[in-house]
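Take a look at the structure set out below.
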Amino acid sequence: MKLSKEDRIRIIERAAKQVGPSVFWSTIIVITSFLPVFLLTGQEGKLFGPLAWTKTFILIVDAIVAITLTPVLISFFLKGKFKEETANPINRALERVYGPLLRWCLNWRKTTIGVNIIALLVAIPMLFSLGTEFMPPLDEGSILFMPVTLPDISNAEAKRILQVQDKIIKSVPEVESVLGKAGRASTATDNSPISMIETIIMLKPQSEWRDGITKQDIIRELDTKLQIPGVVNGWTQPIINRINMLATGIRTDVGVKVYGQNLDSIAAVSEKVRTALRDVPGVNDLYVEPITGGKYLEIDINREALSRYGLTVDDVNMIVESALGGTPIGNTIEGRQRFSINVRLAQEYRNSVERIQRIPIQTASAGTIPLSSVATIGFTDGPPMITSENAQLRGAVLFNVRDRDLGSTVKEAMEKISNEVTGIPNGYYLEWSGQWENQVRATQTLQLIIPLVVVIIFLILYFSFNSLKEAFFSLVTIPFALIGGVFIVYFYGVNLSVAVAVGFIALFGMAIETGMLMVVYLNEAMKELAELKGNSHETITKQDIRDFVFKGAVKRLRPKIMTVSVSLFGLIPVLWATGVGTDVMLPIVLPLIGGVFTSSIHILLVTPVVFEMVKEYELKKHGKLDIYDVKH
């Protein structure tokens, strides 16, 4: 069939007017569906914000191009003889498969709807049985080993333990290199005590690992080998550890902060919490942040003895400061750096209480006397480090979660603490922190925003179709899209997280976009029926409705399949992706892949069935069909 230029331009114009508004409104709906992602804060907002903005700008440009540039390009390139859609072998093959399926569904309408409802009812308990976590763990390709020792450990002992641990860690074949430090780094922002050891373990490429071994297996093997008395092991990753410490002050996955007014009481409550958490499945690396047990050298000056020797408190303080702390005598300049020069007694003259007691003091009347003559010297217990937060003293019980999801672990831990930790003094309270704090914040944001977004999308659909029924037809694809998303997430063993929620949010927009196409073409078929036979129950039969519903669904199959296929072709390769970052990409993509399948089945098979039933009801009750012009 060869068309004149005027006919060709007129057809292109009519087609552009038909799909243009739907393209515009579907773009608005997809952008609106991402509103919850824009409103995320904290880590999740920084991670997924660029994704939402990128997709939004792409969709805006896509919509502008689709309704302006695309019709112009079509007018340039669509020339010559035009063939019917049935001339395309792929289209014929699709229609041969889809046509009989749709006929069967139209003949067995109740069965078709019942199967979909059953699938939805099965998906609901599967959804609630999924584990929960804040974010899927990102494999950084390295391990951070953070053991904690006794707070009164000496520098020499900390150095010895560090060397022993590094040697044991390097003996594991998968370890490329290991570097550990004890105490604080050369920065004022690091307040780590000498009892805190940090060891970064770099792993070899996974191709060089032993057969069948995973990163969790390596951690379990290392943890078994590194059981040293007086040392509590902790395993995490370098980047997430720093993020946790900066965001929540907790260096593990989860922490229970204990607030109060007295360090001894805080320590007692913390021990009760630790005892309650000890047997909770999934809790690993459990320990109490030390707030007692520190050792302090106390020099108690005897004022009566001072008066007998004609000395003052300042005289003794100056001797102690010079001998132990050091007296500054000048500065050295090395380039742009300046260093103070201090003088004090050599290490062998101050490395024990007995030697400190023999520090000489010169008097005017009695000659040289030892420090022990005018002071009592000994060690006393005290806090190794005082931590305060919100103007209150704070302790913490810290643990990591492994081999179980974060949500159920923390909920069971909360129940155990509520039942077993009693007798907490007045003014003392517990607060959950770490990744759980982030998860609660993100969940509250999504629970507030997602229902509002669904309402906004429904209003957009209503203004697009000018009909509540047509808006409902498009919106009802959302729960049926959830079916495939839930099924694939469940069978992949992925926990619900912010990443999975972002995947479902993206799925909402895609499902409604495809649903709008079907509703547009079905209404176009009803308009053709009314123009052909008149809009009256006297001229239109149920068979006429079925024939034109079939025509509207089947004869416009290609654009619907193309919409779905483009999405799937772009997403499916992620299932086989490897490397850093795939841990976060997979939970986003899985709901999209599964949801696109089930929403497509619903749109292609169930939507025409429901549409036919509604049109039969309209014809029976009102004597005519409600025809909606969805092209303008």
Side-chain angles (χ1 to χ4, degrees), residues 29-59 62 123 126-127 130-140 239-240 243 405-407 435 438-439 441-443 445-447 449-450 453-454 477-479 481-514 563-600:
I29 288 170
V30 174
I31 293 174
T32 304
S33 69
F34 266 84
L35 183 60
V37 183
F38 289 117
L39 297 179
L40 291 175
T41 58
Q43 300 174 37
E44 63 275 21
K46 290 180 174 63
L47 182 62
F48 295 114
L51 169 68
W53 282 111
T54 302
K55 183 166 180 121
T56 298
F57 285 125
I58 289 174
L59 287 171
D62 173 65
M126 292 175 66
L127 176 64
L130 293 172
T132 59
E133 60 189 2
F134 170 57
M135 291 287 291
L138 175 67
D139 184 4
E140 301 173 17
I239 297 175
I240 191 61
I243 292 174
D405 67 284
L406 179 70
Q435 291 290 309
N438 296 327
Q439 181 176 335
R441 182 190 64 245
T443 302
T445 302
L446 293 174
Q447 287 177 343
I449 299 301
I450 288 180
V453 168
V454 172
T477 58
I478 288 180
L482 281 173
I483 297 174
V486 171
F487 272 59
I488 195 170
V489 168
Y490 181 86
F491 288 113
Y492 259 81
V494 175
N495 294 322
L496 287 177
S497 62
V498 177
V500 175
V502 170
F504 276 115
I505 288 169
L507 172 63
F508 294 165
M510 290 174 59
I512 292 175
E513 183 180 20
T514 312
T563 304
V564 174
S565 300
V566 168
S567 303
L568 287 178
F569 291 155
L571 297 173
I572 287 180
V574 178
L575 296 178
W576 293 278
T578 58
V580 178
T582 55
D583 317 70
V584 178
M585 291 167 58
L586 189 64
I588 298 176
V589 168
L590 285 176
L592 285 168
I593 295 175
V596 165
F597 271 113
T598 54
S599 67
S600 300

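Predicted model, so just to flag it, every value in this text is computed and none were measured.
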query = Going by heavy atoms in the side chains, are M135 and I240 under 4.5 Å from each other?
reply = no
request  = Evaluate the side chain to side chain contact (heavy atoms under 4.5 Å, CB included) criterion for residues L496 and L127: first the C-alpha distance (whole Å), next the side-chain angles of each, then the deciding distance (0.1 Å), finally the verdict.
outcome  = CA-CA 9 Å; L496 287 177; L127 176 64; 4.1 Å; yes
request  = Sequence neighbours left out, what passes side chain to side chain contact (heavy atoms under 4.5 Å, CB included) with A501? Give chain and number order.
outcome  = L446
request  = Using side chain to side chain contact (heavy atoms under 4.5 Å, CB included) as the criterion, list what pairs up with D139, not counting sequence neighbours.
outcome  = K215, Q237, D583
remark   = Output for pair (D405 CG, S497 OG), nearest 0.5 Å, gives 11.0 Å
message = Would you compute the distance between atom CG of L406 and atom CG of N438 and round it to the nearest 0.5 angstrom?
response = 10.0 Å
note = Heavy-atom nearest pair, P591 first then I588, reads CD-O, 3.4 Å
query = Roughly how far, to the nearest 0.5 Å, is OG1 of T598 from CG of L507?
reply = 7.0 Å
ask   = Quick check: are there more than 12 heavy atoms from other residues, nucleotides or ligands sitting under 6.0 Å from CG of L51?
value = yes
message = List the residues meeting side chain to side chain contact (heavy atoms under 4.5 Å, CB included) with V589, not counting sequence neighbours, and say none if there are none.
response = L571, V574, I593
inquiry  = Can you tell me how far apart CG (L59) and CD1 (I31) are? Round to the nearest 0.5 Å.
reply    = 5.5 Å
request  = Would you sort out whether V37 and K55 count as a side chain to side chain contact (heavy atoms under 4.5 Å, CB included), showing the intermediate values?
outcome  = CA-CA 11 Å; V37 183; K55 183 166 180 121; over 6 Å; no
Atom pair OG1 (T54) and CZ (F48), whose distance is rounded to the nearest 0.5 Å = 13.0 Å
request  = Please list, chain by chain and in numerical order, all residues satisfying side-chain hydrogen bond (donor to acceptor under 3.5 Å, both in side chains) with T56, sequence neighbours excluded.
outcome  = none
task = Mind listing the closest non-hydrogen atom pair of Q435 and F134 along with its distance?
result = OE1-CD2, 2.9 Å
ask   = Of all residues at least two apart in sequence or in a different chain, which pass the ring pair (Phe, Tyr, Trp, His ring centres under 6.0 Å) check with F57?
value = W53
message = Could you report the tightest heavy-atom contact between A442 and V498, atom names first, then the distance?
response = CB-CG2, 3.7 Å
message = By the salt bridge (charged side-chain N to carboxylate O under 4.0 Å, His left out) test, which pairs, at least two apart or in different chains, include something from residues 37-47?
response = E44-R441
query = When rounded to the nearest 0.5 angstrom, what is the spacing between OG1 in T445 and CD1 in I450?
reply = 10.0 Å
